[in-house]
Amino acid sequence: MSKQRLTLKRIGDLGNGIQSLLSLSLTGSESIQVSSDKNHYVVFMALSPIDPKDFAVKVAMEVGYRHIDGAYFYEKEVGRAIREKITDGMVKREEIFYPGKPWSTFNTPEMVLSALEKSLKHLQFDHIALCIIHTPLSLKSGDDLLPEDGKGKLIFYNVDLCATWETMEACKDTELVKSIGVSNFNIRQLEMILNKPGLKYKPVLKL
């Protein structure tokens, strides 16, 4: 297998002003090269049969990251990588900050809790630190994550985001999630939540 390298992401410095370049190349067997660089700290990952999300998360934790961002589409892989590092004794569960993001097909109030429970099952966690409405743009509810009509076009769905937020508040009350927030909301949408009559919890985060 020829070596191919893919820039994954810039993930910051190592502290004390020290920054490095971590280069990961996979062929038949794994090999890791670390070289100093004053300006960047970038993870490179080989294109290989190994699941890149598993590998990327493991590398991030090995270099010190404990905030692991995720999305519904690949929570199983992320959860598997985190659990492996917990089993190895490299990290403790309480050190991991994981924000869950129920997908757009789960924006209706009746789907929010079940989506959170599915995320916890995928991750094999009993709670997560943060749950975020991934996007105010909603798709037709259901387990089909990319619902299409007969012409192959996505089926969008009108959702009362204030009602969705009330369900998010109820999820927080169950302690399945410690905090709740939103993502991809514009000012009008955010103000709609903040000015909602009977607001119990404000979004702690707007991404």
Side-chain angles (χ1 to χ4, degrees), residues 53-54 57 60-61 65-87 90-147 154-207:
K53 298 174 187 66
D54 289 35
V57 171
M61 288 190 290
Y65 277 74
R66 298 295 181 265
H67 177 171
I68 308 297
D69 197 14
Y72 189 84
F73 277 87
Y74 47 81
E75 279 180 335
K76 290 181 180 179
E77 293 92 333
V78 171
R80 184 164 59 241
I82 293 173
R83 292 194 306 275
E84 182 174 320
K85 290 303 176 183
I86 291 173
T87 301
M90 196 197 78
V91 297
K92 297 178 180 179
R93 170 63 184 94
E94 57 267 27
E95 296 174 342
I96 300 297
F97 184 94
Y98 181 89
K101 301 173 187 172
W103 180 236
S104 299
T105 51
F106 304 122
N107 276 359
T108 55
E110 60 271 19
M111 295 292 289
V112 171
L113 178 58
S114 63
L116 175 57
E117 290 173 337
K118 286 179 181 178
S119 291
L120 293 174
K121 184 177 180 180
H122 292 162
L123 296 161
Q124 294 187 24
F125 291 169
D126 59 3
H127 73 278
I128 53 176
L130 175 66
C131 187
I132 302 169
I133 298 177
H134 199 156
T135 170
L137 186 66
S138 302
L139 296 172
K140 180 182 177 182
S141 295
D143 291 324
D144 183 356
L145 300 183
L146 296 171
L154 289 173
I155 304 173
F156 294 95
Y157 198 74
N158 289 324
V159 172
D160 180 353
L161 293 173
C162 286
T164 301
W165 187 254
E166 290 176 2
T167 309
M168 294 282 285
E169 292 175 323
C171 289
K172 175 173 166 54
D173 285 337
T174 66
E175 297 188 356
L176 294 177
V177 57
K178 301 301 183 182
S179 299
I180 51 179
V182 298
S183 176
N184 298 303
F185 275 47
N186 59 33
I187 292 176
R188 181 187 62 81
Q189 292 162 336
L190 185 58
E191 288 180 340
M192 180 176 64
I193 299 297
L194 293 174
N195 296 326
K196 185 185 78 67
L199 180 69
K200 190 172 183 179
Y201 303 115
K202 293 181 181 180
V204 299
L205 181 71
K206 189 275 179 188
L207 292 178

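Heavy-atom basis, side chains included; hydrogens, waters and symmetry copies ignored.
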Which atom of [X] lies closest to which atom of [Y], heavy atoms considered:
X      : Y      : answer
Ile128 : Arg93  : CA-NH2, 4.2 Å
Trp165 : Gly181 : CZ3-O, 3.6 Å
Pro136 : Gln189 : CG-OE1, 3.4 Å
Ala71  : Tyr98  : N-OH, 3.8 Å

Side chain to side chain contact (heavy atoms under 4.5 Å, CB included) between Val112 and Cys171, worked out: CA-CA 8 Å; Val112 171; Cys171 289; 4.0 Å; yes
Side-chain heavy-atom pair Thr105, Asp144 within 4.5 angstrom cut-off: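 Thr105 does not reach Asp144 side chain to side chain.
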Leu199 side chain reached by Glu169 side chain, heavy atoms, under 4.5 Å: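 Touching, per the 4.5 Å side-chain cut-off.
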Under-4.0 Å salt bridge between Lys196 and Glu166: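 Salt bridge between Lys196 and Glu166, a charged N being under 4.0 Å from a carboxylate O: yes.
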Separation of Cys131 SG from Leu176 CG (nearest 0.5 Å):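 Going from CG on Leu176 over to SG on Cys131, the span is 9.5 Å.
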Inter-residue atom distance Lys172.NZ - Lys178.NZ, 0.5 Å rounding: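 Lys172 NZ to Lys178 NZ: 8.5 Å, rounded to 0.5 Å.
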Between Tyr201 and Asp173, a side-chain donor and acceptor under 3.5 Å: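 Yes, because at least one side-chain N or O of Tyr201 sits under 3.5 Å from a partner of the opposite role on Asp173.
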Validation row, ring centre Tyr72 to ring centre His122 under 6.0 Å: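 Yes, the ring of Tyr72 comes within the 6.0 Å limit of the ring of His122, centre to centre.
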Sole residue of Phe185, Phe73, Phe106, Trp103 in ring-ring contact (aromatic ring centres under 6.0 Å, His included) with His134: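 Single ring-ring contact (aromatic ring centres under 6.0 Å, His included) partner of His134 among Phe185, Phe73, Phe106, Trp103: Trp103.
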